[in-house]
Structure formats: C-alpha cells, structure tokens
Participant: 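Handing you this structure, nothing more for now.
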Amino acid sequence: MAAEGRFIVLEGIDGAGTTTQAQMLHDHLVGRSLSGWLTREPTDGPLGGFIRDALSGAVRTAEGERFAPSESAFCLLFAADRLEHSRVIEDMRAQGRHVVCDRYIMSSIAYQSRGPDISAERVIEINHGCARPDITFLLGVRVEECLRRLDGRGDSPTIYEKKDLLEAINRNYGAVRPVYERHFGQLIEVDGMQAPEKVHEEIASLLARHLQL
C-alpha cells in the first residue's frame, strides 16, 4: 500500500505568483518521479466555475444587472466548493499522490474576514471538515508589484484587483496568520519579490527540509 501523499498549499494575494509557483512545484515533484496532483481554488468544478464568474463580474441577475455576492455569501460559496474539493484531495492523498494546491482556506480567511460581518473563526467554522494541509507557503509580494504583474497579464480583472482592496487583504493575511496556524498548522513565508526561479528554489529547499520531499 502506497504511503499517504502530502498536501501542499501556495498562498498569497492576487498577483503574488501562486499559480506559477504551484505549477513549478508540481513539475519539480513529478520530475523526481513522485506522484503528484496539481489543483486550485476556486476549483474547475461547477461550484468553482460559478465563483470564478462571480469574481469576474460575469454573473447577471434576471434583469441583466451584475450579480455581486456579499463576502458572507462568497464565504459560503467557497466553503461548498472546498468541501467537495477536499473529498478529491483526500482520495488523491490516499493513492499516495502529493497534492499541490494554488490557494486554499487561508485565502478565504484573509479575503472574507476583512470587515465586521464575518470573523476568521467564523470562516473556519463554515469550512469545518475540509482537508488539512501538511504545509502552507505564503508568498510575500508588495501590492504595487502584484498590480504590475496583473496589468501585464491582460486578463479581465476580478473584483479584488484594486489597490486599496489588495492592501487591506495583504494586511489581513498577516493579521489572521496566528489563527490559521492554530487550526491548520505550519505556514512558512517566502519572499515572492525574487525571480520566479529563485522563489521556486527556496520553496523546494524548504519542502525537502520540512517534509523530506
């Protein structure tokens, strides 16, 4: 019977490079003949697809107006997507595959608990039963640099890709870190301002040190 796979999460604000680093880390593991599965949140499933459309402003009401869920509603939507996602993650781990995920529950905590409507602990409560990461890497990147990267992509911006919002979310990542670590274990911050290859080298080195991968 194969040993259980590890669950590795890449976190950071929009433009921090989580998607690039998740792909590089997955390729690194596969290149070492380790079985891996690369995934992301929101997922590519029906729930995740709806969330992505809502984030981009593509969801419309019957009257043709843009549908913008509240942060509390987004929290529930993300939790529903995540709980379904967790079943697949645990199945992959049981098969001995190492799961690399681009964003996970820390994103929900940091993004949805910025205001008084919902607390970090409430986000965690709503997500009760989701898969627990073995390690989380948080990419630290200045907001100005994130916005520069996002502008260079040419994609339609999400509702969060505004300077004031990203600054608030970035601050909240720091504020909720103790709560996250208490519930979801080890988090390691990595300097995401470095060249992508350097960021990857640091993550790979840390992964070898902490999880022997």
Participant: Taking atom CZ of Arg87 as the centre, report whether more than 12 heavy atoms of other residues, nucleotides or ligands fall under 6.0 Å from it.
Facilitator: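 No, CZ of Arg87 has 12 or fewer neighbouring heavy atoms, counting only those of other groups under 6.0 Å.
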Participant: With a cut-off of 6.0 Å (strictly less than), are more than 12 heavy atoms of other residues, nucleotides or ligands near NZ of Lys198?
Facilitator: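 Counting other residues, nucleotides and ligands, NZ of Lys198 stays at 12 neighbours or fewer.
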Participant: Applying the 4.5 Å side-chain criterion to the ILVMFWY set and letting contacts propagate, would Leu47 and Leu77 be lumped into a single cluster?
Facilitator: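 No.
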Participant: Identify the two heavy atoms, one from Cys101 and one from Arg103, that lie closest to each other, and give their separation to 0.1 Å.
Facilitator: SG-O, 3.0 Å
Participant: Quick check on the hydrophobic clustering: are Leu187 and Val99 connected, directly or via other members, by side-chain heavy-atom contacts under 4.5 Å?
Facilitator: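 They do share one cluster, since a chain of ILVMFWY contacts under 4.5 Å joins Leu187 to Val99.
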Participant: With sequence neighbours left out, what residues match Arg148 under side chain to side chain donor-acceptor pair (under 3.5 Å)?
Facilitator: Glu145
Participant: Could you pull out all residues at least two apart from Phe74 that satisfy ring pair (Phe, Tyr, Trp, His ring centres under 6.0 Å)?
Facilitator: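 Checked Phe74 against ring pair (Phe, Tyr, Trp, His ring centres under 6.0 Å); zero matches.
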Participant: Side-chain heavy atoms nearer than 4.5 Å, only ILVMFWY residues, links allowed to pass through others: does that put Tyr173 and Ile118 together?
Facilitator: yes
Participant: Between the side chains of Asp102 and Thr19, is a donor N or O closer than 3.5 angstrom to an acceptor N or O?
Facilitator: yes
Participant: What I'd like to find out is whether the side chain of Ser119 reaches to under 4.5 Å of the side chain of Ser113, using heavy atoms alone.
Facilitator: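 No - every pair of side-chain heavy atoms lies 4.5 Å or more apart.
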Participant: As a test of understanding, state which of Thr136, Ile203, Leu213 forms a side-chain contact (heavy atoms from CB on, under 4.5 Å) with Ile8.
Facilitator: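 When side-chain contact (heavy atoms from CB on, under 4.5 Å) is applied between Ile8 and each of Thr136, Ile203, Leu213, only Leu213 qualifies.
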Participant: Does Ala208 have any side-chain contact (heavy atoms from CB on, under 4.5 Å) partners at least two apart in sequence or in another chain, and if so, which?
Facilitator: none
Participant: Test: ring pair (Phe, Tyr, Trp, His ring centres under 6.0 Å). Region: residues 94-126. Which pairs qualify, not counting sequence neighbours?
Facilitator: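 Qualifying pairs: Phe7-Tyr104, Tyr111-Tyr160.
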Participant: How many angstroms lie between CD in Gln95 and CD in Glu4, if you round to the nearest 0.5 Å?
Facilitator: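 Between atom CD of Gln95 and atom CD of Glu4 there are 11.5 Å.
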Participant: I'd like to check the salt bridge (Lys or Arg N to Asp or Glu O under 4.0 Å) partners of Asp134; sequence neighbours left out, ordered by chain and number.
Facilitator: Arg93
Participant: For the residue pair Lys162 and Ile159, what are the closest heavy atoms and their distance?
Facilitator: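 For Lys162 and Ile159, the tightest heavy-atom pair comes out as NZ-O, 3.0 Å.
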Participant: Which side-chain N or O atoms in residues 163-171 pair as donor and acceptor under 3.5 Å with protein atoms at least two apart or in another chain?
Facilitator:
residue: Lys163; atom: NZ; partner: Glu167; partner atom: OE2; Å: 2.6

Participant: Output every pair passing ring pair (Phe, Tyr, Trp, His ring centres under 6.0 Å) with a member in residues 192-213, not counting sequence neighbours, ordered by first then second residue.
Facilitator: His28-His200
Participant: Do Val100 and Ile89 belong to the same hydrophobic cluster, where Ile, Leu, Val, Met, Phe, Trp and Tyr are linked whenever their side-chain heavy atoms lie under 4.5 Å apart, directly or via other members?
Facilitator: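 No, no single cluster joins them.
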Participant: Quick one: list whatever passes salt bridge (Lys or Arg N to Asp or Glu O under 4.0 Å) with Glu125, sequence neighbours left out.
Facilitator: Arg122
Participant: Are Val179 and Glu121 packed together at the side-chain level, in the sense that at least one heavy-atom pair is separated by less than 4.5 angstrom?
Facilitator: yes
Participant: Checking side-chain contact (heavy atoms from CB on, under 4.5 Å) against Gln23, which of Thr20, Leu25, Asp27 comes through?
Facilitator: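 Filter result, single survivor: Asp27.
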Participant: In plain terms, say whether Arg177 and Glu11 are close enough for a salt bridge, that is, a side-chain N and a carboxylate O under 4.0 Å apart.
Facilitator: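 Salt bridge: no.
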Participant: Between Asn127 and Ser108, do the side chains contain an N or O donor and an N or O acceptor separated by less than 3.5 Å?
Facilitator: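 No, no side-chain donor-acceptor pair sits under 3.5 Å.
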Participant: Taking Arg60 for its side chain and Glu65 for its backbone only, find out whether a donor-acceptor pair lies under 3.5 Å.
Facilitator: no
Participant: Let me check something: any side-chain donor-acceptor pairs from residues 30-44 under 3.5 Å, sequence neighbours excluded? List them with distances.
Facilitator:
residue: Thr39; atom: OG1; partner: His85; partner atom: NE2; Å: 2.7
residue: Arg40; atom: NE; partner: Asp44; partner atom: OD1; Å: 2.9
residue: Arg40; atom: NH2; partner: Asp44; partner atom: OD1; Å: 2.4
residue: Glu41; atom: OE1; partner: Arg82; partner atom: NE; Å: 2.8
residue: Glu41; atom: OE1; partner: Arg82; partner atom: NH2; Å: 2.8
residue: Glu41; atom: OE2; partner: His85; partner atom: ND1; Å: 2.8
residue: Thr43; atom: OG1; partner: Gly45; partner atom: N; Å: 3.1
residue: Thr43; atom: OG1; partner: Asp81; partner atom: OD1; Å: 2.6
residue: Thr43; atom: OG1; partner: Asp81; partner atom: OD2; Å: 3.4

Participant: Which pair of non-hydrogen atoms, one from Ala120 and one from Val176, has the smallest distance, and what is that distance?
Facilitator: CB-CG1, 4.2 Å
Participant: Which pair of non-hydrogen atoms, one from Pro178 and one from Ala175, has the smallest distance, and what is that distance?
Facilitator: CD-O, 3.5 Å
Participant: Say whether Leu10 and Ile13 are linked into one hydrophobic cluster, either directly or through other cluster members, by side-chain heavy-atom distances under 4.5 angstrom.
Facilitator: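 No, no single cluster joins them.
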Participant: Mind checking what makes side-chain contact (heavy atoms from CB on, under 4.5 Å) contact with Arg142, not counting sequence neighbours?
Facilitator: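 Result, side-chain contact (heavy atoms from CB on, under 4.5 Å) vs Arg142: Glu144, Met193.
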Participant: Is the side chain of Ser56 donor-acceptor paired with the backbone N or O of Asp53 at a distance under 3.5 Å, no angle test?
Facilitator: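 Side chain of Ser56 to backbone of Asp53: a pair is present.
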Participant: Quick check: closest heavy atoms across Arg149 and Gly192, and the distance to 0.1 Å?
Facilitator: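 Closest approach of Arg149 to Gly192, heavy atoms only: NH2-O, 3.0 Å.
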Participant: Going by the ring pair (Phe, Tyr, Trp, His ring centres under 6.0 Å) test, which pairs reach into residues 46-69, not counting sequence neighbours?
Facilitator: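 Found none.
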Participant: Could you grab the distance from atom CG of Leu138 to atom OG of Ser107, nearest 0.5 Å is fine?
Facilitator: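 OG of Ser107 is found 9.0 Å from CG of Leu138.
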Participant: Restricting to salt bridge (Lys or Arg N to Asp or Glu O under 4.0 Å), what partner residues turn up for Arg153, sequence neighbours left out?
Facilitator: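 Expected list: none.
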Participant: Which heavy-atom pair separates Ile126 from Cys75 by the least distance, and what is that distance?
Facilitator: CD1-SG, 3.8 Å
